[in-house]
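Take a look at the structure below.
Chain naming here is simple, since letters A, B, ... match the order of the sequence lines and numbering starts at 1 in each. Just so you know, these numbers use all the heavy atoms, side chains as well, and skip hydrogens, waters and symmetry mates.
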Amino acid sequence: MNCRELTDFLADYLDGNLPLGQRILMTIHLLLCRDCRRYLKSYETTIKLAHAVGQPVPELDAPIPKELVAAILAARGQMR
Amino acid sequence: MPAKSEPIKVELNTAGQVSADSGEAELLSRLRAGDSAAFETLVMEQGGRMLSVAHRFLSHEQDAADAVQDALLSAFKAIGSFKGEAKLGTWLHRILVNACLMRRRLQDRQSTETIDSFLPQFDSTGHHAERVPRFELSPSEVLVNKELRQHIRDCIDALPADYREILILRDIEEMDTESAAKILNVSLAVVKTRLHRARQALRALLIPFQQRK
């Protein structure tokens, strides 16, 4: 296995969907290749960063603004 | 207030299979009867959470507000078809995701940009063409560092639309591959390929930020 192949399999590797044979080849390559170890770690961290961005933060987890409520109710009134 | 947009396709999410509790059942009954006060209750109870979800898809405050309005009005129109098999919030969430995706598509210009330039490069033997730098950004920092959070959002926004949508649905909304494929009307293989490329591209876009730190 080379770096290109390892990179192609990263998502399946992290999801645990890789067949045992490929998983072993990947593990061996990771032991030998610093660039791929770093790439794997950065790929995993990127997923976590994206997920963290979606977590509620206090200023965005507030009640719906009154102005928006009024606009929605007005728009609903026009539907009838 | 909101820009006029295309009708939103409403689908029942039957994945949850959770019965509505009595309070929700009563609210549903009133909504189906066209009770204005019930609609206001729905807006007040669900609106804040929906706005928070819309912010994950849409960077601008007004766009997020408009998507929530689109979704609530669509839900109100379609309330007669809601069977109560899933929780009302789950059903609204699906409608909101559709509304957000639609609004993003309206905004996105036809783009010829390609994601290839963000993917890793390999030499003729299949090995990394360049040294891979250490990646030192921390997920825990996102919660306390506004600049980092905004930068990640900007990088997600910079992804080509087809890739950005998948990344948001899978890695932010935590939707499974099957649900994402259904909502985007693409195959499972396309979801997997685009998600992998989107993550790689996001990674590449984040590298300069850590070097700036």
By a 4.5 Å heavy-atom criterion (distance strictly below it), what part of [X] contacts chain A: side chain, backbone, both, or neither?
X      : answer
B:L167 : side chain
B:L202 : both
B:S140 : neither

Indicate every side-chain donor-acceptor pair of residues 19-29 of chain A with a distance under 3.5 Å to a residue at least two apart or in another chain.
| residue | atom | partner | partner atom | Å |
| --- | --- | --- | --- | --- |
| A:R23 | NH1 | A:Y13 | O | 3.2 |
| A:T27 | OG1 | A:R23 | O | 2.8 |
| A:H29 | ND1 | A:M1 | O | 3.0 |

Evaluate the criterion side chain to side chain donor-acceptor pair (under 3.5 Å) for residue pair A:T46 and B:R199; output intermediate values, then yes/no.
-> CA-CA 7 Å; A:T46 299; B:R199 289 167 171 172; over 6 Å; no
Top contributor to chain A contacts, counting heavy-atom pairs under 4.5 Å, from [options]:
options                        : value
B:H128, B:R134, B:E40          : B:H128
B:I156, B:I152, B:I168         : B:I152
B:A198, B:A64, B:C155, B:P139  : B:P139
B:D123, B:T125, B:L119, B:I172 : B:I172

Are any side-chain N or O atoms of B:D171 and backbone N or O atoms of A:I47, one a donor and one an acceptor, separated by less than 3.5 Å?
-> no
Can you sort out the partners of B:H196 under ring-ring contact (aromatic ring centres under 6.0 Å, His included), two or more places apart, ordered by chain and number?
-> A:Y43
Side chain, backbone, both or neither: which part of A:R37 has a heavy atom under 4.5 Å from chain B?
-> neither
